[in-house]
Amino acid sequence: MERYNRQLLLPEIGEEGQARLKAARVLIVGVGGLGSPIALYLAGAGVGTIGLIDDDTVSESNLQRQVLYSEAEVNLPKALQAQKRLEALNSTIRIEAYPFRLTAENAKEIFTHYDIIVDGCDNFATRYVIDDACALLNKIYVYGAIRMFEGQVSVFRYDKEGKRYRDLYPDEEEMRSLPHPPKGVMGVTPGIIGCAEANEVIKIICEYGNILAGKLWQIDLKTMETYTILL
């Protein structure tokens with residue numbers, strides 16, 4: 001247990017929590033800016049099975065913030081390269097790679113094999129697919145989103161009566177018709193939001209702390225102001 005010694009010392013985790021982490025199955029949708037820190041920290045913590053779904057390839061412009069990848073991996077599939085990186089980090093866990101896009105047609109089959117679905121994507125359409133599949137299969141949805149210097153995190157479907165993404169943004173047609181947000185983003189923005197998402201996943205698995213269920217946590221990195229609103 002030397003690998004996990006520092007978190008085993010925490011009474012909120014201990015041996016029971018570590019066993020829970022080992023038994024957990026977590027799917028990360030998108031292994032880019034958000035997915036990179038989510039995947040790295042969940043693998044480091046010892047989450048037993050981690051799924052990675054992404055149809056994109058690594059580009060040079062990704063390297064400023066997508067810390068899973070190296071220059072040598074440009075033009076290679078993100079899901080497969082992320083799998084290799086995480087297996088090198090922790091050989092005691094299982095990494096499943098899905099190098100294709102999540103759709104309404106394949107979501108149900110993939111989600112069936114996981115307990116928690118984590119949002120590492122960058123578009124509204126995929127988030128509605130995640131939300132609908134999680135509602136259908138009663139899966140927990142850990143949500144995160146970023147824009148330039150800002151980000152937000154919440155936990156949907158924490159229980160059967162829990163809030164959904166559609167409660168936060170009920171008009172799918174309107175959201176999908178919005179213009180694409182500016183592409184500019186500080187590399188640390190997805191790092192901080194991704195770590196916050198990973199933190200929620202670990203809290204949920206080990207059953208400690210106050211989960212962001214029914215709440216939306218937001219941060220402005222230019223001012224370091226944070227606030228939480230009730231949904």
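All values below were derived from every heavy atom in this structure, side-chain atoms included, with hydrogens, water molecules and symmetry-related copies excluded.
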Residues Arg164 and Asp132 bridged, charged N to O under 4.0 Å: yes
Ignoring hydrogens, what is the shortest heavy-atom contact between [X] and [Y]? Give both atom names and the distance.
X	Y	answer
Val185	Pro190	CG2-CD, 4.1 Å
Leu52	Ala39	CD2-CB, 4.3 Å
Val31	Asp54	N-OD2, 2.9 Å
Lys139	Thr112	NZ-O, 3.6 Å
Leu34	Ile38	O-CG1, 3.1 Å
Glu96	Tyr114	CB-OH, 3.5 Å

Interatomic distance, [X] atom [atom1] to [Y] atom [atom2] [nearest 0.5 angstrom]:
X	Y	atom1	atom2	answer
Thr57	Gln81	OG1	CD	10.5 Å
Leu89	Leu68	CG	CG	9.5 Å
Arg65	Thr189	CZ	OG1	10.5 Å
Leu102	Asp55	CG	CG	10.0 Å
Asp122	Lys183	CG	NZ	9.5 Å
Ile202	Glu197	CD1	CD	12.0 Å

Can you get from [X] to [Y] by hopping between Ile, Leu, Val, Met, Phe, Trp and Tyr side chains that sit under 4.5 Å apart?
X	Y	value
Leu76	Tyr98	no
Ile192	Tyr41	no
Tyr143	Leu230	no
Val129	Phe124	yes
Leu10	Ile204	yes

Parallel, tilted or perpendicular: which one describes the rings of Tyr165 and Phe156, with boundaries at 30° and 60°?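 Tyr165 and Phe156: perpendicular rings.
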Check whether any side-chain heavy atom of [X] lies under 4.5 Å from a side-chain heavy atom of [Y], and answer yes or no.
X	Y	answer
Ile93	Val47	no
Met186	Met148	no
Ile50	Ile28	yes
Glu87	Gln83	yes
Glu150	Leu221	no
Val26	Ile117	no
Leu168	Lys163	no
Leu27	Ile53	yes

Distance-only donor-acceptor pairs under 3.5 Å for side chains of residues 213-220, two or more places apart:
{"from": "Gln218", "atom 1": "OE1", "to": "Gln152", "atom 2": "NE2", "distance (Å)": "3.1"}
{"from": "Asp220", "atom 1": "OD1", "to": "Lys222", "atom 2": "N", "distance (Å)": "2.9"}

Is it the case that over 12 heavy atoms from other parts of the model lie below 6.0 angstrom from the OH atom of Tyr4?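 For Tyr4, atom OH is crowded (more than 12 foreign heavy atoms under 6.0 Å).
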Exceeds 12 heavy-atom contacts within 6.0 angstrom, atom CG of Asn210: no
Residues in side-chain hydrogen bond (donor to acceptor under 3.5 Å, both in side chains) with Gln64, at least two apart?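 For Gln64 there are no side-chain hydrogen bond (donor to acceptor under 3.5 Å, both in side chains) partners, ignoring immediate neighbours.
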Return the set of residues passing side-chain hydrogen bond (donor to acceptor under 3.5 Å, both in side chains) with Lys203 (not counting sequence neighbours), or none when no residue passes.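 Here the qualifying residues are Glu200.
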Carefully, step by step, assess Leu231 and Asp167 under the rule side chain to side chain contact (heavy atoms under 4.5 Å, CB included). CA-CA 8 Å; Leu231 300 179; Asp167 293 317; over 6 Å; no
Quick one: do the Asp119 and Tyr141 side chains pair a donor with an acceptor below 3.5 Å?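 Yes, Tyr141 and Asp119 have a side-chain donor paired with an acceptor closer than 3.5 Å.
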Ile140 and Cys134: side chain to side chain contact (heavy atoms under 4.5 Å, CB included), yes or no, with the steps? CA-CA 7 Å; Ile140 297 173; Cys134 284; over 6 Å; no
In sequence, state the C-alpha distance, the side-chain angles, and the governing distance for Asn62 and Lys78, and then conclude on side chain to side chain contact (heavy atoms under 4.5 Å, CB included). CA-CA 11 Å; Asn62 295 154; Lys78 287 182 181 178; 3.3 Å; yes
Is there a side chain to side chain contact (heavy atoms under 4.5 Å, CB included) between Tyr169 and Arg127? Walk through the geometry before answering. CA-CA 10 Å; Tyr169 299 112; Arg127 292 189 176 112; over 6 Å; no
Enumerate the residue pairs fulfilling salt bridge (charged side-chain N to carboxylate O under 4.0 Å, His left out) with a member in residues 3-18, sequence neighbours excluded, ordered by first and then second residue.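 Salt bridge (charged side-chain N to carboxylate O under 4.0 Å, His left out) check on residues 3-18 returns Glu16-Arg20.
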Taking only residues two or more places apart in sequence, or in another chain, which ones meet Val67 in a side-chain contact (heavy atoms from CB on, under 4.5 Å)? Ser36, Leu40
Which residues pass the side-chain contact (heavy atoms from CB on, under 4.5 Å) test with Asp171, sequence neighbours left out?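 Residues passing side-chain contact (heavy atoms from CB on, under 4.5 Å) with Asp171: Glu173, Glu174.
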Is there a donor-acceptor pair under 3.5 Å between the side chain of Asn106 and the backbone N or O of Arg101?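 Yes, because the side chain of Asn106 sits within donor-acceptor range (under 3.5 Å) of the backbone of Arg101.
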